[in-house]
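Worksheet: one structure, shown below.
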Amino acid sequence: MAENSAVNTEKLLRHPLVQTITGNINRESEFRMKFSPPECGVFSRPFVTLEDDDSYTFTIDREARKELPHIIGNKVQKLLWDPYPPQDIRDSYRQSRKIGIVFSGGPAPGGHNVIAGLYDAAKKANPENRIYGFLLGPDGIIENEAVELNDEMVNKYRNRGGFTMIKTGRTKIDSADKMRLSRETCRSLGLNALVVVGGDDSNTNAAFLAQEMFEDGVQVIGVPKTIDGDIQVRDDEGKILCAMSFGFHSAARAFANAVSNLCTDSSSDVKYWHICKVMGRVASHLALEVGLQTHANLTLVGEELAEYVSEEKIRKAETEGTVDYSAYGMTLRHLSRRICDSIIRRAAVGKNYGVLVIPEGILEFINEIQIFIIKLNAIIGEYNHTHDSTFHEDFPYLRDKLEHLRKMAQISRDQKGISVWNARDDELFNDIPDFFQEGLLMERDSHGNFPFSQVKTEDVLLGLVREYLKILQDQGKYKIGIQRDYYHKTLKNEGIDPQKYGPVLFRNYPDAEYLLFNTGIISLKTLKNELVKNNFMGEDDTIPVSVEKIFRKSLPNFKTQTYFYGYDGRGSDPTLFDCYYTYNLGLTVFSLIANGATGQMAAIKNLEHGFSEWEPIGIPIAPLMHLEERKGKLALVLEKSVVDIDSPAFRVFKEMREKWLAAEPGEDNFRRPAPISLFTHGEEDRPITLELNALRNAG
Ligand code: FBP
């Protein structure tokens, strides 16, 4: 028998159907690997030339001029197809080249297509061209760890998610030593060009590498990548050059699909509030897009909270002839009250459930927390700068870190001078929960970024929300509304006149569709008192069963589930939009290289419009740079783009959110985004945020 079943299993495993359905590649993946994204019009001819476009202006930072002299004069470059290009362009196109490419920072869907576009264009121009992929991010450049890419490797990953082909890493090439080693790698491989696919910090790195290797003749080109969507480039007049980094659309759609499923679930079993934190560490673009895609009941946008001003506090200070700085910006407590308000309003119409979307980086927009983050960044940065070991090595446990801070506060008290950490900071910091303190003190990445993804923001907020809801519940202000017909039916079933009890039990009895118990009725005891007081029963009687049933139904008892959507969306397969976008970015990179550009970022203009209007361009990186605090010091970096609360996308969202909160009787207004698939070319061919922002001048 055992022998027989072994034979059968072997046979079963050889069955063609078993082999197909247990293979690593399913039909969608197979389709992706074979799919060829269309090329922008300019690439329909073999030669592309570049033309400086002087119509874009940038205010150049003095420090950038000093540190990046070779590339600071770069201009925006238009890619033009040229039927009769000059001989030097023809020669340059055909020249045999070695090009290195590296992924830097977090993965973003579409990265493989940047490689595929570059690979295809390079091989088409000259089959002798060689493309090297640096392994594990910038460390691969520093340590000269590279593989030469071939057809098999590239074909395997076309239109597929992740950075799996060559991996990625977060190392920054930020010291003379790392720069020297990178330069040696480029020399020893004989590279003509290096392509850095990364976010703002990585493109900053690309600019410094371009400067450093200018004289070696190694061209460096950046590519705008990050799911966070915070690399958006405009000139001084606000003209858009790059509306969105690649990966944003796919990640947002992946998150939106998951959140939308929760909307469906919560409105079915009506007992959960789902708290969804979505990635985006400094900007809330992803949260906003998820809100627009799903119509979740409540979506928070950090940038709006930062703009909050308490008129009440300002008026009070004015009457006292003082200024109250705490009137500007929202506190965590205030934010939790806003969330409670939405929960209570929905509960009042019987909706004991909902979906809340929180941006990962929301804490950065909360005044009191932002101050901690800035101060702790400075303390950790300064410590690492002045000691041979690092802050985290020397103070491995929370208690050690707190002790160090306490000593700093003590020194500041003793010296009575200005200190980055004083007694008041220490006091406030000690008031917050341990896990949150630990989060705020976590190790920064090599770019000095605060690790928002590792802090349980959702738990911090939820803790405050629960605390406040409990207070409101005790005050009788937080109740679940009881549907009028249900109340009538339930009491009549027991032979009780609902009309008689209604005005005594409910504060909105005469006309509301959902009935709310009077605030004084918060327990069976207070319910009984009310009934006795109104002579509906005697002291020794028991509360009628139907009345007790209705009362119990009015007690809010929702459960919560928390989620973090981040790594899952980062690893999603790219949407059609990102497939087209990234493949054409790869083609753009090669055109820039073939035309001798360096210190430029490949980009596609008009992403906010249909594909036929897309225009590949080169954006000069150095003129975009400015001084910003990093690791407690001023450093030249690219500015991150945060959500503009005057943008059409935000204005539309703001107008719609009351509807999406659906704090009124009737159905919710959820929206189902289409799943990510290349099989279904849906109408959702680009981010909603981009489509709305394209209407900037429409009124
Ligand atoms: P990039 O800016 O490198 O694209 O990464 C963004 C991001 O996905 C953030 O949304 C998130 O906070 C962070 O990476 C997580 O970093 P890590 O991969 O180090 O956990």
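Order of appearance sets the numbers: ligands from 1, and atoms from 1 within every ligand. Hydrogens, waters and symmetry mates play no part in the numbers below; they use all other heavy atoms, side chains included.
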Between ligand 1 and Gly280, can you find any atom pair, the residue atom being a heavy atom, that is separated by under 4.0 Å? yes
Has Lys277 got its NZ or CZ under 6.0 Å from the middle of the six-membered ring of Phe564, at an angle within 45 degrees of the ring axis? yes
Could you pull out the closest heavy-atom pair between Met442 and Arg444, with the gap in Å? O-NH1, 2.6 Å
Which ligand 1 atoms, with their elements, are less than 4.0 angstrom from a heavy-atom of Thr226? 1 (P), 2 (O), 4 (O)
Please name the pair of heavy atoms, one in Pro648 and one in Asn693, separated by the smallest distance, quoted to 0.1 Å. CD-OD1, 3.3 Å
Tell me which part of Arg570 gets within contact of ligand 1: side chain, backbone, both or neither, using heavy atoms under 4.0 Å. side chain
Side-chain donor-acceptor pair under 3.5 Å between Asn159 and Asp573, yes or no? no
So if I count the atoms of ligand 1 from 1 in the order they appear, which ones are less than 4.0 Å from some heavy atom of Lys225? 1 (P), 3 (O), 4 (O)
Can an N or O of Gly106 be found at a distance shorter than 3.5 Å from an N or O of ligand 1? yes
Atom 19 (O) of ligand 1 - nearest protein heavy atom and its distance: Arg170 NE, 2.9 Å
Counting from 1 in the order shown, the ligand 1 atoms closer than 4.0 Å to a non-hydrogen atom of Gly105 are 3 (O)
Can a salt bridge be assigned to the pair Arg686 and Glu608 using a cut-off of 4.0 Å between side-chain N and carboxylate O? no
Nearest neighbour of atom 10 (O) of ligand 1 from the list Val455, Leu286, Asp228, on a heavy-atom basis: Asp228
In terms of residue, atom name and distance, what is the protein heavy atom nearest to atom 20 (O) of ligand 1? Tyr567 OH, 2.6 Å
Give a yes or no answer on whether the side chain of Asp235 reaches the backbone of Phe58 with a donor-acceptor pair at less than 3.5 Å. no
Salt bridge or not between Asp644 and Arg651? Use side-chain N to carboxylate O under 4.0 Å. no
For Glu360, atoms of ligand 1 separated by under 4.0 Å from a heavy atom: 9 (C), 10 (O), 11 (C), 12 (O)
